[in-house]
**Q** 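I have a structure I would like to understand better, so I am pasting it below and will then ask my questions one at a time.
Start at 1 with the first residue, then count along the sequence. In each ligand, atom 1 is the first atom listed, and ligand 1 is the first ligand listed.
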Amino acid sequence: MQRAVYPGSFDPITYGHLDIIRRASEVFDEVIVLIMNNDEKKGTFDMQERLDMVENVIRDFDNVSVTIGDGLTVEMARKLGANILIRGIRAVTDYEYEMQLATANMILADEVHTVFLVAKPEYSFLSSSTAKSIAKCHGDIRAFVPEYVEQKLKEKYRG
Ligand code: ADP
């Protein structure tokens, strides 16, 4: 049984993340979306809000679940019984950072393998920050995030 973890901030989850989740769910038996708490990076949404949004948008996948974690990602993966970390690559700009992360994780835990999945071209420009910047200016974000997340962003930036 191949269990994979997909770690990230998901602040909030976008269609780009969701596309990676769908691909991962087709490759691995089980996928756990791991929302990592980063004390140095104060998020827009708190961890419970992010969890609620992910739970809502992964409902259609029967082999995908979500949980919250902190500390080292590889330690979280070990605790969850997973030896695969999924990361998404949008463009070459992601590559350097992701290589550093994957190499550090490999040194920390050699049995945990990082697998990169490539973003769909239409989502290759898309990040949580882009969606938030547009939502802040009350722009149309329907192409970027699922409806439930759109509502939550609207509530956040209302007024
Ligand atoms: P982090 O703060 O760990 O980068 P993110 O939530 O921003 O967390 O992203 C989690 C992972 O998903 C990263 O590997 C990132 O490259 C990937 N990702 C983010 N947006 C997209 C997208 N639009 N398409 C594909 N992968 C993406």
**Q** So is Y97 polar-close to ligand 1, meaning N/O to N/O under 3.5 Å?
**A**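 Min N/O separation from ligand 1 is not below 3.5 Å for Y97.
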
**Q** May I ask you to decide if D29's main-chain N or O and R3's side chain share a donor-acceptor pair within less than 3.5 Å?
**A**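 No; judged by distance alone, with no hydrogens or angles, the pair does not exist.
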
**Q** Which of the atoms in ligand 1, numbered in the order shown and given with their element, are less than 4.0 Å from a heavy-atom of L126?
**A**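 Answer, ordered by atom number: 20 (N), 21 (C), 22 (C), 23 (N).
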
**Q** I need the atoms of ligand 1 closer than 4.0 Å to a non-hydrogen atom of G16, numbered in the order shown.
**A** 22 (C), 23 (N), 24 (N), 25 (C)

**Q** Would you find a donor on one side and an acceptor on the other, under 3.5 Å apart, between the side chain of T130 and the backbone of L126?
**A**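 Side chain of T130 to backbone of L126: no pair is present.
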
**Q** Return the residue, atom name and 0.1 Å-rounded distance of the protein heavy atom closest to atom 25 (C) of ligand 1.
**A** A119 CB, 3.3 Å

**Q** Is it the case that over 12 heavy atoms from other parts of the model lie below 6.0 angstrom from the CD atom of E96?
**A**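 Count not over threshold, so no.
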
**Q** Is the closest side-chain heavy-atom distance between K132 and Y157 below 4.5 Å?
**A** yes

**Q** Is D11 in polar range of ligand 1, meaning some N or O pair under 3.5 Å apart?
**A**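 The answer is no, given that D11 and ligand 1 share no N or O pair closer than 3.5 Å.
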
**Q** Any donor and acceptor pair, going by atom type alone, linking the side chain of S128 with main-chain N or O of P12 inside 3.5 Å?
**A**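 A pair under 3.5 Å: yes.
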
**Q** Do F116 and L85 make a side-chain contact, defined as non-hydrogen atoms from C-beta onward lying under 4.5 Å apart?
**A**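 Result no, sub-4.5 Å side-chain heavy-atom pair not found.
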
**Q** Which bit of R90 gets closer than 4.0 Å to ligand 1, counting heavy atoms only: side chain, backbone, both or neither?
**A**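 It is the side chain that gets close, since no backbone atom is under 4.0 Å.
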
**Q** Which of the atoms of ligand 1 are close to K41, meaning less than 4.0 Å from one of its heavy atoms?
**A**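 In order of numbering, the contacting atoms are 2 (O).
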
**Q** If the contact criterion is a heavy-atom separation under 4.0 Å, does P7 count as touching ligand 1?
**A**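 The answer is yes: ligand 1 sits under 4.0 Å from a heavy atom of P7.
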
**Q** Identify, by atom number and element, the atoms of ligand 1 in contact range of E98, meaning under 4.0 Å from any of its heavy atoms.
**A** 13 (C), 14 (O), 16 (O)

**Q** Examine the proximity of ligand 1 to K120 and report which part, side chain or backbone, both or neither, has a heavy atom under 4.0 Å away.
**A** neither

**Q** Is ligand 1 under 4.0 Å from a heavy atom in the side chain of Y15, in the backbone, in both, or in neither?
**A**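 Neither part.
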
**Q** For atom 7 (O) of ligand 1, find the nearest protein heavy atom and state the residue, atom name and distance (0.1 Å precision).
**A** H17 NE2, 4.1 Å

**Q** Is M47 reachable from M53 through a run of I, L, V, M, F, W or Y residues, each pair having side-chain heavy atoms under 4.5 Å apart?
**A**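 Both belong to a single hydrophobic cluster.
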
**Q** Please could you name the atoms of ligand 1 that R87 approaches to less than 4.0 Å, counting only its heavy atoms?
**A**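 The list of qualifying atoms is 1 (P), 3 (O), 4 (O), 10 (C), 11 (C), 13 (C), 14 (O).
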
**Q** Among all protein heavy atoms, pick out the one at the shortest distance from atom 16 (O) of ligand 1; state its residue, atom name and that distance to 0.1 Å.
**A**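 The closest heavy atom on the protein side is G88 O, 2.6 Å.
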
**Q** Distance-only, no hydrogens or angles: does the D11 side chain make a donor-acceptor pair with backbone N or O of F45 under 3.5 Å?
**A**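 A pair under 3.5 Å: yes.
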
**Q** So which of N105, T114, D110, V5 actually passes side chain to side chain contact (heavy atoms under 4.5 Å, CB included) with V74?
**A** N105

**Q** Is it the side chain, the backbone, both or neither of S127 that has a heavy atom closer than 4.0 Å to ligand 1?
**A**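 For S127, no heavy atom sits under 4.0 Å from ligand 1.
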
**Q** Go through the steps for R23 and D19 under the test salt bridge (Lys or Arg N to Asp or Glu O under 4.0 Å), then give the verdict.
**A** CA-CA 6 Å; R23 285 165 200 282; D19 183 52; 3.0 Å; yes

**Q** Considering distance alone, does some N or O of G8 sit under 3.5 Å from an N or O of ligand 1?
**A** no

**Q** What's the shortest distance from atom 12 (O) of ligand 1 to any protein heavy atom, and which residue and atom give it?
**A**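 Answer, as residue, atom name and distance: Y6 OH, 2.7 Å.
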
**Q** Going by distance only, is there an N or O of I20 that falls short of 3.5 Å from an N or O of ligand 1?
**A**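 Min N/O separation from ligand 1 is not below 3.5 Å for I20.
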
**Q** Begin from the C-alpha positions of R78 and E111 and carry the test salt bridge (Lys or Arg N to Asp or Glu O under 4.0 Å) through to its verdict.
**A** CA-CA 9 Å; R78 280 173 172 162; E111 83 286 5; 2.7 Å; yes

**Q** Run the numbers for me: atoms of ligand 1, each under 4.0 Å from some heavy atom of F10, listed by number.
**A** 6 (O)

**Q** Counting only heavy atoms not in F125 (residues, nucleotides, ligands), do more than 12 fall under 6.0 Å from its CZ?
**A**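 Counting other residues, nucleotides and ligands, CZ of F125 exceeds 12 neighbours.
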
**Q** Less than 3.5 Å between some nitrogen or oxygen of S9 and one of ligand 1, yes or no?
**A**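 There is such a contact, yes.
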
